[in-house]
Amino acid sequence: MNKLSESDLSVTLNINYRGKQITKTQVEILKSVSETRSQNKTAEILGIPPSTVNIQIKRLENKLDLKLTYSSPAGTMLSPDAELIVAYYNAYLERTSKEKFIACGFISGEVGRILFDDVLVSSFSNVLRLHRSNLTSVVGIDDPYWSYRLGDPVPVAFDHFVMVSKGDFNFKNLLGVNYSAHRIVWKTLKNEKIDFKVSKVVKNPFYAIDLLEEGYSMFLNTCLLRYVKKDYLIETPDYYDKTKHTINFILNKSIPEDEFEEVLYKKEKEIKLAGFDPVL
């Protein structure tokens, strides 16, 4: 498989990748799958047969020589390459419409979908790229490290980490997620004098959940436990409270903070049901 880079992408009437066209229908399919995590729902929304959705994705994968989707407990997920294509397409649409959009990382996206009607959820590296291009009105931040580096953060919810594995938890074969609050876990393990090794780092926590099948162990956000297979082992570490971290949103002056807090108050129960501890 080739490795996709943003410099390979350009837009005419369609998107071109190394001279190969990605049609509007194909990119709209990827965009809808990203939002719904379901090929059947995508077919329903776009008014096409489910078989057409699958055929178009497979045809595009063969044309580009890229893996675009994979199955997970959360549904059909986009690969990092497909995420970049959709993010590029969304950015193009926003540039041409002069409208900014709401962009969240995967964890903050679990809250963002509750608070807003139209949310772009992607790896935080993509979200960060769009924010730096001045294309966002609201940004959901998974990693507290970036909160004050991007603006004036509004805390929305608290989350923790638990230990998840298929078999015995192995501190020497851990999965990490880039641009995540895992940095808090690694610091905590060092303070607890626990010897550990991060064997693999990925951009997508849902992909990391799938990799547990290969024998890795993982500190997983409690909000994502509903996506874990029921026969997996889930342990609460003794230092659970030390893994507490905040999910923040940057409003970019698009929404008055008092109005945003009113929305948070109305959605408090839904946020709690999603596995978070609401701030309010």
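- A distance of 12.0 Å separates CD of Glu261 from CD1 of Ile255, quoted to the nearest 0.5 Å.
- Taking 4.5 Å as the limit, some side-chain heavy atom of Leu225 sits within range of a side-chain heavy atom of Val164.
- Ion pair Glu110/Arg37 flagged as a salt bridge, since at least one NZ, NE, NH1 or NH2 atom sits closer than 4.0 Å to an Asp/Glu carboxylate oxygen.
- With salt bridges taken as basic N to acidic carboxylate O contacts below 4.0 Å, none links Glu214 and Lys166.
- Checked by atom type and distance alone, the side chain of Tyr70 pairs as donor or acceptor with a backbone atom of Tyr207 at under 3.5 Å.
- Contact between Val127 and Ser122 at its shortest, heavy atoms only, is CG2-O, 4.1 Å.
- Residues satisfying the ring-ring contact (aromatic ring centres under 6.0 Å, His included) test with Tyr240, not counting sequence neighbours, are His160.
- Surrounding CG of Asp231 are more than 12 heavy atoms belonging to other residues, nucleotides or ligands, all under 6.0 Å away.
- Tracing side-chain contacts under 4.5 Å through hydrophobic residues (I, L, V, M, F, W, Y), one reaches Phe116 starting from Ile271; they form part of the same cluster.
- Using cut-offs of 30° and 60° on the angle between ring planes, the pair Phe124 and Trp146 is tilted.
- No hydrogens or angles considered: a donor-acceptor pair under 3.5 Å links the side chains of Lys31 and Asn90.
- Between Ala274 and Arg226 the shortest heavy-atom distance is O-NH1, 2.8 Å.
- In the model, Asn204 has a side-chain atom that pairs as donor or acceptor with a side-chain atom of Glu83 under 3.5 Å.
- Nearest heavy-atom pair, Phe276 versus Ile107, reported as atom, atom and distance to 0.1 Å: CZ-O, 3.7 Å.
- Side-chain contact between Met218 and Phe169 is absent, with no heavy-atom pair separated by less than 4.5 Å.
- You'll find the side chain of Pro237 reaches within 4.5 Å of the side chain of Met163, heavy atoms only.
- The two residues Ala91 and Leu130 come nearest to each other via the heavy atoms CB-CD2, 3.6 Å.
- A side-chain donor-acceptor contact under 3.5 Å links Asp142 to the backbone of Ser108.
- Remark: the Asn252 side chain and the Ser137 side chain contain no N/O donor-acceptor pair separated by less than 3.5 Å.
- By the 4.5 Å heavy-atom criterion applied to side chains, Val177 and Val201 are not counted as neighbours.
- In this model, a donor atom of one side chain and an acceptor atom of the other lie less than 3.5 Å apart for Asn126 and Ser123.
- Asp143 and Ser180 share no side-chain donor-acceptor pair at under 3.5 Å.
- The heavy-atom pair separating Thr246 from Pro155 by the smallest distance is CG2-CB, 3.6 Å.
- Under a 4.0 Å N-O distance rule, the pair Glu268/Lys272 does not qualify as a salt bridge.
- The CG atom of Asn170 sits 13.0 Å away from atom CZ of Phe196, with the distance rounded to the nearest 0.5 Å.
- Across every non-hydrogen atom of Ser147 and Asn248, the tightest pair is OG-ND2, 2.7 Å.
- At a threshold of 4.0 Å, the pair Glu213-Lys229 counts as salt-bridged, since one of the basic side-chain nitrogens sits closer than that to a carboxylate oxygen.
- A donor-acceptor pair under 3.5 Å is absent between the side-chain atoms of His131 and the main chain of Thr136, judged by distance alone.
- Counted by atom type alone, Thr76 and Thr69 present zero donor-acceptor pairs between their side chains at under 3.5 Å.
- Ile247 and Leu224 fall within a single hydrophobic cluster, where Ile, Leu, Val, Met, Phe, Trp and Tyr side chains are chained together by heavy-atom contacts under 4.5 Å.
- A salt bridge links Asp195 with Lys172: the closest approach of a Lys/Arg side-chain nitrogen to an acidic carboxylate oxygen falls below 4.0 angstrom.
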